[in-house]
Amino acid sequence: MKIAVVGTGYVGLVSGACFAEMGLNVTCVDIDEAKIEGLKQGVIPIYEPGLKSIVIRNYDAGRLQFTTDLPSVLNDMEMVFIAVGTPSDESGNAEMKYVWEVTDTIGNHIEKPLLIVTKSTVPVGTSHQIKERVQQRLDQRGLGSLQFDVASNPEFLKEGAAVDDFMSPDRVVVGVESERARELMTRLYRPFLLNNFRVIFMDILSAEMTKYASNAMLATRISFMNDIANLCERVGADVNMVRRGIGSDSRIGKNFLYPGCGYGGSCFPKDVKAIIKVAEKVGYEMRVLKAVEQVNENQKRVLFQKFMTFFNGDVAGKSVAVWGLSFKPETDDVRDAPALQLIRSLLEVKVNVRAYDPAAMDEARKQLHDTIYYAKDIYDAANNADALIVPTEWKEFRLPNWEILKKIMRTHVIIDGRNIYNKEDLTAYGFEYRGIGL
Ligand code: UDX
């Protein structure tokens, strides 16, 4: 089976590499020539554990190709996956121009039967629009009777665990409208799910909706827990105990109940916005999700507020260590990262910021430039600091040498945005500790 994957971002590159790892012949396509040239040399544009070795191995074995020229490979393929970005536009709608560019290229060059699969997260109805656009092009070219199909196959992988998630998914959701599409998608995914075939086939609109609903549900759990955490603080309860108490009810479950300094990344913020917009277009208001967004916006300010409260607003000229810049550990992605918002607020009140992140310093520098000090390690960041703030729970932050920190910090305040430290331990070491919901 030969397939093309268009778009070499997170979803496209991981999907392409993992399909090749399963033995398929995969061509990854992108309009960015530098990126494609880099990939041929084994330069991976994103930080993702395990991805580099899979890309290099499959490229060397000839199962994975890279090109900028979709038309020249299109008619060799049985399937084309559209995995280009759909970022939020200014008003929160999914930006669809890249999807339409690919659609039109396919419509202008297709000469043989093809299955066009949407993997990007797209508004409900997009796959049908793709079908119409391609059909229009075919009609114009006098090829109106050419057989082609569309399918929706949303991707649920998480950054930082993308390869594992892709290779052993909890489930695969596939929206199809023809037997041919169903048969091709079954062939494609059987090797991933040999012992337990968890492909859920459904209609295309439901598959598109499933992706949004899934991310919206997860974001809702987080905002719900952040609201509960803020209330815990005010009534004197411990959110860690509350979380364990509710998570052990199997109807609720224990995952994705961790309060923190807000969700970020390339998916939750944009998808929650997009589903609200999808609903507006059909005259429906997503009231719960509007609240989810609002709670998250507030939560991204919580670390800054705790810092200001501790020092009674008297912060100008103080120095703060920030451990963690990415929106979560194991990634260099700083899109919508709570840490960056925190740093901007600190800079506004004339605080000196000394930041450290194991992977995301270069990405953060693209946005923050030289407004902060980029430290060599956690201790360099904490040197002479008046407070240490931790917005991201990287493993290497979890067990620092508190004796050293006690010596090198000027004032001993720890503001823990992910509840990774034990309040009693830190108090015993002589630190003032502030967590979330404790
Ligand atoms: C998410 C979805 O999990 C994935 O299925 C979808 O395909 C893309 O969006 P990702 O953005 O990579 O994946 O990150 P995820 O691990 O889900 O975390 C998202 C955000 O939620 C992070 O900022 C994280 O810190 C936060 N989070 C997560 C919490 O605050 N509490 C939790 O309990 C879990």
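All values below were derived from every heavy atom in this structure, side-chain atoms included, with hydrogens, water molecules and symmetry-related copies excluded. Order of appearance sets the numbers: ligands from 1, and atoms from 1 within every ligand. Since the model is a prediction, treat every value here as computed from it, not as a measurement.
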*Asks:* May I ask you to check whether Tyr263 has an N/O atom sitting below 3.5 Å from an N/O atom of ligand 1?
*Replies:*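 No, no N or O pair falls under 3.5 Å.
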*Asks:* Among all the protein's non-hydrogen atoms, which is closest to atom 26 (C) of ligand 1, and how far away is it?
*Replies:*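 Looking only at protein heavy atoms, the one closest to atom 26 (C) of ligand 1 is Ile222 CD1, 3.8 Å.
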*Asks:* With a 4.0 Å cut-off, would you call Arg434 and Glu432 a salt bridge?
*Replies:*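 Salt bridge flag = yes for Glu432 with Arg434.
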*Asks:* Please determine whether a side-chain nitrogen of the Lys or Arg among Glu48 and Lys158 lies less than 4.0 Å from a carboxylate oxygen of the Asp or Glu.
*Replies:*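 A salt bridge is absent here (no side-chain N lies under 4.0 Å from a carboxylate O).
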*Asks:* Against heavy atoms of Glu155, which atoms of ligand 1 measure under 4.0 Å?
*Replies:*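 Answer for ligand 1: 7 (O).
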*Asks:* Where does Glu393 meet ligand 1, judged by heavy-atom distances below 4.0 Å: at the side chain, the backbone, both, or neither?
*Replies:*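 Neither part.
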*Asks:* Should the pair Glu101-Lys97 be classified as a salt bridge under the 4.0 Å nitrogen-to-oxygen rule?
*Replies:*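 No, no charged N to carboxylate O under 4.0 Å.
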*Asks:* How far is atom 12 (O) of ligand 1 from the closest protein heavy atom, and which atom is that?
*Replies:*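 Residue, atom and distance for the closest contact: Glu159 N, 2.7 Å.
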*Asks:* Run down the list Arg243, Lys300, Met225, Lys158 and name the one with the heavy atom closest to atom 13 (O) of ligand 1.
*Replies:*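 Comparing heavy atoms across Arg243, Lys300, Met225, Lys158, the nearest one to atom 13 (O) of ligand 1 lies in Lys158.
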*Asks:* May I ask you to list the atoms of ligand 1 that are less than 4.0 angstrom from any heavy atom of Cys267?
*Replies:*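 Here the atoms of ligand 1 in question are 8 (C), 9 (O).
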*Asks:* Using non-hydrogen atoms of the residue, decide whether Gly265 is closer than 4.0 angstrom to ligand 1.
*Replies:*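 No, Gly265 has no heavy atom closer than 4.0 Å to ligand 1.
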*Asks:* Under a plain distance cut-off of 3.5 Å, with no hydrogens placed, do Gln299 and Asn230 share a side-chain donor-acceptor pair?
*Replies:*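 Their side chains do contain a donor-acceptor pair, which is all the 3.5 Å distance test asks for.
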*Asks:* How close does the nearest protein non-hydrogen atom get to atom 32 (C) of ligand 1, and which residue and atom is it?
*Replies:*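 The answer is Tyr258 O, 3.6 Å.
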*Asks:* With no hydrogens and no angle check, just 3.5 Å: does a side-chain donor-acceptor pair link Ser223 and Asn226?
*Replies:*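 Their side chains do not contain a donor-acceptor pair, so the 3.5 Å distance test is not met.
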*Asks:* Could you check whether the rings of Phe19 and Phe192 sit parallel, tilted or perpendicular, using 30° and 60° as the cut-offs?
*Replies:*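 Rings of Phe19 and Phe192: perpendicular, over 60°.
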*Asks:* Heavy atom under 4.0 Å from ligand 1: found in Asn215's side chain, backbone, both, or neither?
*Replies:*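 The part of Asn215 near ligand 1 is the side chain, not the backbone.
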*Asks:* Looking only at heavy atoms, what is the nearest atom pair of Val99 and Val122, with distance?
*Replies:*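 It is CG2-CG1, 4.3 Å.
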*Asks:* Please check whether Ser266 reaches ligand 1 - meaning an N/O of the residue sits under 3.5 Å from an N/O of the ligand, judged on distance alone.
*Replies:*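 The answer is no, given that Ser266 and ligand 1 share no N or O pair closer than 3.5 Å.
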*Asks:* Over 60° means perpendicular and under 30° means parallel, so tell me whether Tyr189 and Phe166 are parallel, tilted or perpendicular.
*Replies:*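 It falls in the tilted class, 30° to 60°.
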*Asks:* Looking only at protein heavy atoms, which one is nearest to atom 17 (O) of ligand 1, and how far off is it?
*Replies:*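 Of the protein heavy atoms, Phe256 CZ, 3.1 Å lies nearest.
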*Asks:* Could you go step by step and tell me if Tyr356 and Glu396 meet the side chain to side chain donor-acceptor pair (under 3.5 Å) rule?
*Replies:* CA-CA 11 Å; Tyr356 172 72; Glu396 69 174 80; 3.2 Å; yes
*Asks:* Out of Phe268, Tyr10, Phe156, Phe327, indicate the one that has the non-hydrogen atom closest to atom 11 (O) of ligand 1.
*Replies:*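 Looking at heavy atoms only, Phe327 sits closest to atom 11 (O) of ligand 1.
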*Asks:* Which ligand 1 atoms does Leu257 reach within 4.0 Å, using its non-hydrogen atoms?
*Replies:*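 Close to Leu257: 33 (O).
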*Asks:* Assess whether a salt bridge exists between Lys328 and Glu159, defined as any Lys/Arg side-chain N lying under 4.0 Å from an Asp/Glu carboxylate O.
*Replies:*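 No salt bridge links Lys328 with Glu159.
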*Asks:* Is the shortest side-chain N to carboxylate O distance from Arg398 to Glu393 below 4.0 Å?
*Replies:*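 Glu393 and Arg398: not salt-bridged.
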*Asks:* As an exercise, identify every atom of ligand 1 less than 4.0 angstrom from a heavy atom of Lys211.
*Replies:*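 Ligand 1 atoms under the 4.0 Å threshold to Lys211: 6 (C), 7 (O).
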*Asks:* If the contact criterion is a heavy-atom separation under 4.0 Å, does Arg418 count as touching ligand 1?
*Replies:*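 Yes.
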*Asks:* If we set the cut-off at 4.0 Å for heavy atoms, which region of Leu157 has an atom near ligand 1: side chain, backbone, both, or neither?
*Replies:*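 For Leu157, only backbone atoms sit under 4.0 Å from ligand 1.
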*Asks:* Looking only at protein heavy atoms, which one is nearest to atom 10 (P) of ligand 1, and how far off is it?
*Replies:*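 Protein heavy atom with the smallest distance to atom 10 (P) of ligand 1: Lys328 NZ, 3.8 Å.
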